[in-house]
Amino acid sequence: MKIFAKIGLLFLVSVCLWACNNNTDGEPDVSNVKVDVKIQHLDKELFACKTEEDVLVFLKKYAGFASQYFNTTPASFPALANKLFPQISNPALQEFYQQSQEKEFFGNQNLENDFKEAFQHIKYYYPNFKEPKIYTIFTGFFGQGTILNPELRVNDSTIVVGIDYFMGEKGKYLPDVYDYQIKKMSPSVIAPQAVLQLSSRYNATNTQDRTLLAEMVWYGKSYVFGKVMMPSKADSVFLGYSDEQQNATYANQEVVWAYFIDNKLLYSTQDPVKGKYIGERPSTPEIGPACPGGIGRWVGFRIVSKYYYDDEKLTIQDLMKEHDAQRIFEASKYKGLPDEE
């Protein structure tokens, strides 16, 4: 059987199994969990600037943000304003920004609602969690390639979203990324991807374990964390796969797992080898032309999901505190097979 072939019956069965094993029964009621979702739309203030001096006032007003986001110092704000103003006053870019404010993109409450769901769940499980303040910005990809992570930055206190990077294929202009990457840069992925980054503060790991398995399990734990904190979101949103890729990979996981085992990949510590299966790639041609990139992360998600969901007594806190990847793997009893009901 050719890998990732579209076989109707197998595909339908696999989709049903996947749906059955990803139900939302038993979710906690977080409706009474109080959270403060503060989104400061700096993009609106920036595009309200009518002169270069207005931009300079904007930069000084938000000096801490501007220094970090644009990787500069207050002393350089006049030069930055001189570069930014022609950018934001460009008619084509202004049209692009107006597109971002349409209901299909960011002219709605979806971003607030997504972060509210995430924060309520995180605070339910981790009461000491303090909600980061959220900033949105739009620069028309200003500084792409020179500014670190202009699309999304997450730390304990702030989340910065460059909304121009999350308009997907329908955006008037596209960032300088590969086609396979732009397909997964839509408004709906912002909060889930931020949650994945927030998970790192809870994701214990053995730093001495340099194996591919350890990295797979680390990613798997972050994906399960994301699913628990945002149960309304599909697995594919966290993984960066299309629904078709997700279902086809699930249907062919026995072939994928056999490849990992036959090639003795789990305990490899070689960075080039690990990069092939963990890194960002359009596909994993070593397994098959239609096998998506990051397949090692997907397998890690399957291993950790089986470990977590098969043990009714295991809490998400227990999972995230477990630093032994080998223990998780052995306890999961994952063999590359779809779950049986």
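Side-chain contact, Gln326 with Tyr267: a donor N or O sits under 3.5 Å from an acceptor N or O. Gln101 and Lys44 form a side-chain donor-acceptor contact under 3.5 Å, judged by distance and modelled atom types alone.
Listed by chain and residue number, Glu322 satisfy the salt bridge (charged side-chain N to carboxylate O under 4.0 Å, His left out) test with Arg327 (two or more places apart in sequence, or in another chain). Partners of Lys38 under the salt bridge (charged side-chain N to carboxylate O under 4.0 Å, His left out) rule, at least two apart in sequence or in another chain, are Asp36. Contacts of Phe96 classified as ring-ring contact (aromatic ring centres under 6.0 Å, His included), with partners at least two apart in sequence or in another chain: Phe138, Phe141, Tyr173. For Phe115, the ring-ring contact (aromatic ring centres under 6.0 Å, His included) partners two or more places apart in sequence, or in a different chain, are Phe119. Under the salt bridge (charged side-chain N to carboxylate O under 4.0 Å, His left out) criterion, Arg153 pairs with no residue at all, not counting sequence neighbours. Judged as a ring-ring contact (aromatic ring centres under 6.0 Å, His included), and not counting sequence neighbours, the contacts of Tyr62 are Phe58. By the ring-ring contact (aromatic ring centres under 6.0 Å, His included) test, Phe225 is found to be paired with Tyr202, residues two or more places apart in sequence or in another chain being considered. Take Lys274 and apply the salt bridge (charged side-chain N to carboxylate O under 4.0 Å, His left out) test, not counting sequence neighbours, and it matches Glu215, Asp271. Checked against side-chain hydrogen bond (donor to acceptor under 3.5 Å, both in side chains), Asp43 has the following partners two or more places apart in sequence or in another chain: Tyr97, Thr136.
Counting only residues at least two apart or in different chains, ring pair (Phe, Tyr, Trp, His ring centres under 6.0 Å) contacts with residues 181-201 are absent. The side chain to side chain donor-acceptor pair (under 3.5 Å) pairs that include a residue from residues 187-200 are Ser186-Ser188, where partners are two or more places apart or lie in different chains.
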- Task: List the steps, then state whether ring pair (Phe, Tyr, Trp, His ring centres under 6.0 Å) holds for Tyr223 with Trp298.
- Result: CA-CA 9 Å; Tyr223 292 140; Trp298 185 90; over 10 Å; no
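Counted within 6.0 Å of CG on Asp262, heavy atoms from surrounding residues, nucleotides or ligands total more than 12; the atom is thus considered enclosed. Residue Lys116 places its NZ atom among 12 or fewer non-hydrogen atoms of other residues, nucleotides or ligands, all under 6.0 Å distant.
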If you look only at distance, which donor and acceptor atoms sit under 3.5 Å apart when one is on a side chain in residues 73-84 and the other is two or more places apart or in another chain?
{"from": "Asn82", "atom 1": "ND2", "to": "Glu52", "atom 2": "OE1", "distance (Å)": "3.3"}

